[in-house]
Amino acid sequence: MNDVPKEAIAVVALLQHEGFEAHLVGGCVRDILMGRTPKDWDVTTNATPDDIVRIFPNTFYENDYGTVGVVNDETTDPKLKVIEVTPYRIEGKYSDKRHPDTVTFAKNLSDDLKRRDFTMNAIAYDPLSGNFSDPHKGAKDIENKIIRTVGEARERFAEDALRIMRAVRFSAELDFELDKATEAAIKEFGDTLKDIALERIGDEFTKLIMSPRPRKGIEMFYELGILKHIVPELEEGVNVKQNQAHTYPVFEHIVRTLQAAADKDATLEVRLAALFHDIGKPATKAFNDKNDDWSFHGHDMVGAKIAKRRLRELRYGNDVIETVVKLVRWHMFFSDTEQITHSAVRRLISNVGTENVENILLLRVCDRIGTGRPKEQPYRLRKYKAMIEEVLRDPVSVGMLAVKGADIMEKLEEKPGRRIGWILNALLEIVLDDPTQNTSDILITRAKELATLPEPELKKLGEAAKEAREAIEAEEIGKIRSKYHVE
Ligand code: ATP
Ligand code: MG
């Protein structure tokens with residue numbers, strides 16, 4: 001196994017050199033057996049936390065379970081900056097189904113592997129000798145793509161219901177299936193998830209959403225009967241028929257949209273927006289006699305509210321929540337294609353923020369894919385992009401000048417009127433020629449010079465400048481449109 005980085009080998013080697021047992025364990029061993037790149041490197045050892053702190057120069061206590069973070073300042077790989085070293089332990093009773101009541105250190109590796117959740121996560125590997133310790137036959141389960149609890153499934157989920165979330169999360173992440181007994185126990189103990197702190201659920205939920213197969217994960221939640229403990233409103237969309245434009249019922253459309261977002265490598269915010277975008281549909285479904293079809297009026301607003309509540313419960317940060325809520329709230333914008341004008345685009349941008357313009361377009365693309373309709377007409381999508389860029393660019397206008405009309409009236413004792421417009425336009429022409437002139441001192445001096453000109457001459461200058469500027473504007477808009485190949 002030569003894919004273990006030298007930094008991780010060094011930690012194991014130093015512990016062994018000091019007379020302790022030390023192995024790599026958990027996700028990193030599973031990942032190297034699968035040929036995946038591990039997210040982090042964990043070490044298990046019979047050394048105590050005090051021993052570990054003594055042996056390594058730079059360490060900190062990571063949690064209440066005796067884990068010590070061993071810091072490596074030399075490496076540039078963020079995954080190797082901190083290697084977690086955890087003493088062998090067995091866990092005490094879980095009377096609250098969340099945290100073990102006591103943490104007891106164990107004498108040997110075999111006890112430590114026994115407390116781990118799934119066989120695939122209960123393999124230890126010594127990178128120096130090349131030996132694996134795999135008493136629960138995790139390697140075989142990895143080969144067969146099976147998630148199986150270590151020990152009796154019912155007992156293990158009864159101890160810690162978060163393992164239910166983890167089982168589904170790993171299925172989505174690794175494309176594994178649940179072993180029969182593991183699946184049956186999840187169904188039996190699914191309701192104990194309600195005793196788990198929502199923020200712990202939230203961490204696993206994020207990993208599931210960011211996995212390559214979030215659709216699989218959410219569908220598993222539903223089939224296992226636990227979706228109601230995570231996002232209950234999603235379940236209400238199952239088999240809810242939509243209008244004729246939609247091939248799929250609400251729930252199926254939602255998970256397909258989410259999967260499209262994952263396939264496009266979208267951010268957490270866009271994926272969550274995909275998950276919540278139509279969640280308000282079941283609550284707003286009504287029959288519309290005029291169209292002789294179903295309508296879901298206001299589902300965007302209702303969905304935004306549901307998203308806010310659920311994401312708060314799952315303890316997402318405010319900026320994530322804010323972005324998702326905006327995307328859900330305004331996701332209908334592009335549906336009324338005939339109504340899209342520059343001023344409508346301007347309003348959209350002020351509603352979602354410039355930073356979310358790309359996101360809402362991506363959400364639209366995923367929404368269409370999730371509908372089973374043909375892809376967005378490429379022309380239309382390009383047209384929206386061009387319009388957005390036109391709205392976002394700073395127009396060439398007297399607004400760019402370092403002086404305003406009011407400054408000129410004050411400094412030059414001019415009255416409001418056409419003369420101010422001519423002067424401003426003439427100043428703009430000067431600035432376009434030479435941007436270094438755009439300071440208020442210089443422009444006031446120039447304005448004073450302009451004000452001494454005979455009126456017809458000033459008028460001619462001002463109007464010519466305005467025309468020249470309009471030509472520049474037209475040319476720039478033309479450039480944007482030809483960049484997107486639209487009219
Ligand atoms: P990832 O690659 O996503 O980090 P991982 O398997 O490393 O996956 P972690 O949450 O980092 O998962 O946990 C590290 C190891 O600790 C697991 O491989 C497993 O052996 C053990 N573990 C974590 N959570 C539990 C739990 N709730 N019950 C039992 N063992 C657990
Ligand atoms: Mg890990």
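Counting convention: from 1, in listed order, for ligands and their atoms alike. Just so you know, these numbers use all the heavy atoms, side chains as well, and skip hydrogens, waters and symmetry mates.
Shown in contact with Arg115 at under 4.0 Å from a heavy atom are these atoms of ligand 1, numbered in order with element: 29 (C), 30 (N). Taking every heavy atom of Lys39 and a limit of under 4.0 angstrom, the matching atoms of ligand 1 come to 1 (P), 2 (O), 3 (O), 4 (O). The Gly26 neighbourhood of ligand 1 comprises atoms 18 (O), with distances under 4.0 Å to a heavy atom of that residue. The Arg163 neighbourhood of ligand 1 comprises atoms 26 (C), 27 (N), 28 (N), 29 (C), with distances under 4.0 Å to a heavy atom of that residue. Here is the list of ligand 1 atoms found below 4.0 Å of a heavy atom in Phe170: 6 (O), 8 (O).
A donor-acceptor pair under 3.5 Å links the side-chain atoms of Arg271 to the main chain of Ile209, judged by distance alone. At least one donor-acceptor pair closer than 3.5 Å links the side chain of Arg156 to the backbone N or O of Arg116.
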Mind running side-chain contact (heavy atoms from CB on, under 4.5 Å) on Leu348 and Tyr384 for me, showing each step along the way?
-> CA-CA 12 Å; Leu348 174 75; Tyr384 299 149; over 6 Å; no
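Nearest heavy atoms, Ala47 versus Ile52: CB-CG1, 4.0 Å.
Of the candidates Glu204, Arg200, Arg166, the one placing a heavy atom closest to atom 12 (O) of ligand 1 is Arg166. When the heavy atoms of Asp160, Thr67, Thr44 are ranked by distance to atom 27 (N) of ligand 1, first place goes to Asp160. Between Arg116, Lys207, Arg169, it is Arg116 that holds the heavy atom closest to atom 21 (C) of ligand 1.
Residues Asn356 and Glu269 have side chains that never bring a donor and an acceptor to within less than 3.5 angstrom of each other.
The shortest heavy-atom distance from Arg156 to ligand 1 is not under 4.0 Å.
Not one N or O of Asp42 is nearer than 3.5 Å to an N or O of ligand 1, by distance alone.
Partner of Asp367 under the side-chain hydrogen bond (donor to acceptor under 3.5 Å, both in side chains) criterion, chosen from His253, Arg256, His331: His253.
Inter-residue side-chain proximity for Gln16 and Asp126 is flagged as met; some heavy-atom pair is nearer than 4.5 Å.
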